[in-house]
Amino acid sequence: RPDGLRSPGADPMLNGLYDPAPAGLDPELLRALGVRTSLAEVLADPGDLLARLADAGRTVSRGQLRALWTALAEAEEVTPPARVRALVDGKAEVVAAADALVLDKPALLPLLAGQPLIITSYDLAADLAEVLDLPLAGEEIPAEIESTGAACPVPDAVRAVLPTAPASYRAHDPLLVAGRSVPWW
């Protein structure tokens, strides 16, 4: 079907999701047939894009995936998908939507090993979670610093560059969050 194809020179965000249209055809004919040219055009039917993202046979880069999730955060009237493409330990995989979380707090990453994550810009995470009808990681993972740490002065070199920096910070060794040692918080 023509609407499953992308025209030559189409938006690179469509690569891997839509098959290339045959070369040498008139661009106006391709457009009239419904061959895809832009992400904005595809977002008019977000259900098709979500279905293609959930197709494990399609190839989508991590950067492309994040950009697509960011674009979908502003979509309206979306039927929540049963399957989504998420990052699992940094690798894109198609998983059951019920297993995925939308990452809204980067500090949670060390606590989410093996968890399928949908990652967009953090200011759009709540919007994307609503569009996809998925929970936010911050709502599902209770996490507070449990270790006490020791007060340390902020080095003068740092304060020279950042004059509004606090005079001290807390150093933890180990840093414990939600019962686990984490490298940062």
Side-chain angles (χ1 to χ4, degrees), residues 1-109 111-141:
R1 293 182 37 172
D3 64 353
L5 302 174
R6 63 181 159 79
S7 66
D11 187 331
M13 287 294 113
L14 306 183
N15 292 350
L17 293 171
Y18 294 86
D19 298 328
L25 297 177
D26 178 47
E28 292 304 316
L29 173 63
L30 293 174
R31 187 179 323 258
L33 291 172
V35 173
R36 306 303 183 138
T37 60
S38 71
L39 180 57
E41 177 184 82
V42 169
L43 288 171
D45 181 10
D48 180 57
L49 177 57
L50 288 169
R52 289 176 179 279
L53 282 170
D55 181 349
R58 302 262 173 208
T59 303
V60 180
S61 72
R62 279 184 63 165
Q64 182 183 7
L65 182 60
R66 182 178 172 137
L68 291 168
W69 285 133
T70 299
L72 279 161
E74 298 176 5
E76 295 179 15
E77 297 185 33
V78 174
T79 301
R83 300 188 62 71
V84 294
R85 190 174 302 252
L87 295 179
V88 180
D89 295 329
K91 183 179 176 226
E93 295 181 17
V94 175
V95 299
D99 295 336
L101 298 174
V102 177
L103 184 64
D104 58 331
K105 297 177 181 175
L108 291 173
L109 277 172
L111 302 175
L112 297 170
Q115 172 67 50
L117 297 172
I118 294 178
I119 300 176
T120 185
S121 61
Y122 300 111
D123 60 328
L124 294 175
D127 295 334
L128 183 59
E130 185 174 330
V131 165
L132 299 175
D133 195 26
L134 295 176
L136 292 166
E139 294 172 351
E140 297 291 311
I141 308 296

> Indicate yes or no for a side-chain donor-acceptor contact from Asp19 to the backbone of Leu5 under 3.5 Å, with no hydrogens or angles considered.
no
> Show, in sequence, the C-alpha distance, side-chain angles and deciding distance for Asp55 and Val94, and conclude whether the side-chain contact (heavy atoms from CB on, under 4.5 Å) test is met.
CA-CA 7 Å; Asp55 181 349; Val94 175; over 6 Å; no
> Let me see the working for Leu87 and Leu65 under side-chain contact (heavy atoms from CB on, under 4.5 Å), right down to the final yes or no.
CA-CA 9 Å; Leu87 295 179; Leu65 182 60; 4.3 Å; yes
> Does Leu72 form a side-chain contact (heavy atoms from CB on, under 4.5 Å) with Leu43? I'd like the steps, not just the answer.
CA-CA 7 Å; Leu72 279 161; Leu43 288 171; 3.9 Å; yes
> Quick one: are Asp45 and Leu49 in side-chain contact, heavy atoms under 4.5 Å?
no
> Using modelled atom types only, decide if a donor and an acceptor are shared between the side chain of Glu41 and the backbone of Thr37 within a distance under 3.5 Å.
yes
> How long is the straight-line distance from CG of Asp48 back to CG of Leu17, given to the nearest 0.5 Å?
9.0 Å
> Using only atom types and a distance under 3.5 Å, with no angle test, would you say the side chain of Arg36 pairs donor to acceptor with the backbone of Ser7?
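Looks like no, no N/O pair under 3.5 Å.
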> For Trp69 and Leu53, run side-chain contact (heavy atoms from CB on, under 4.5 Å): C-alpha distance rounded to whole Å, both residues' side-chain angles, the deciding distance at 0.1 Å, then the answer.
CA-CA 10 Å; Trp69 285 133; Leu53 282 170; 4.2 Å; yes
> Would you say Asp3's side chain and Gly34's backbone share a donor-acceptor pair under 3.5 angstrom?
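No, the answer is negative, given that no donor and acceptor are paired below the 3.5 Å cut-off.
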> Flag the pair Leu30 / Pro8 as yes when at least one side-chain heavy-atom distance between them is below 4.5 Å, and no otherwise.
yes
> Using every non-hydrogen atom in the two residues, find where Leu108 and Ala137 come nearest and quote the distance to one decimal.
CD1-C, 3.7 Å
> Could you grab the distance from atom CZ of Arg62 to atom CZ of Arg85, nearest 0.5 Å is fine?
13.5 Å
> For the CD1 atom of Ile118 and the CG atom of Leu68, what is their distance to the nearest 0.5 Å?
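Spacing of CD1 (Ile118) from CG (Leu68) equals 12.0 Å.
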> Would you give the length of the straight line joining atom CG of Leu134 to atom CG of Leu101, rounded to the nearest 0.5 angstrom?
8.0 Å
> Identify the two heavy atoms, one from Pro135 and one from Ala100, that lie closest to each other, and give their separation to 0.1 Å.
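Minimum heavy-atom contact is CD-O, 3.9 Å.
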> Is there side-chain contact between Asp127 and Val131, with at least one heavy-atom pair below 4.5 Å?
no
> Please report the closest heavy-atom contact between Ser38 and Leu14, naming both atoms and the distance.
N-CD1, 3.8 Å
> Can you confirm whether Glu93 is buried at CD, in the sense that more than 12 heavy atoms of other residues, nucleotides or ligands lie under 6.0 Å from that atom?
yes
> Is there a side-chain contact between Leu50 and Thr79 in this structure, where contact means two heavy atoms from C-beta onward sitting under 4.5 Å apart?
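They are not in contact (no side-chain heavy atoms under 4.5 Å apart), so the answer is no.
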> Measuring only between side-chain heavy atoms, which start at C-beta, is Val78 closer than 4.5 Å to Asp133?
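Result no, sub-4.5 Å side-chain heavy-atom pair not found.
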> Are the side chain of Gln64 and the backbone N or O of Asn15 linked by a donor-acceptor pair below 3.5 Å?
yes
> Is it the case that Asp11 and Tyr18 place a side-chain donor and acceptor less than 3.5 Å from each other?
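No, no side-chain donor-acceptor contact under 3.5 Å.
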> What distance separates Leu25 CG from Arg31 CZ, expressed to the nearest 0.5 Å?
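These two atoms lie 13.5 Å from each other.
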> Rounded to the nearest 0.5 Å, how far apart are CG of Leu112 and CD of Glu140?
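That separation rounds to 10.5 Å.
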> Using a strict threshold of under 4.0 Å (side-chain N to carboxylate O), is an ion pair present between Arg83 and Asp99?
no
> Taking all atoms of both residues into account, what is the closest heavy-atom pair of Arg66 and Thr120, and its distance?
NH2-O, 3.5 Å
> Specify the closest pair of heavy atoms between Asp104 and Gly138, including all atoms of both residues, with the distance to one decimal.
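Between these two residues, the closest heavy atoms are OD1-N, 2.8 Å.
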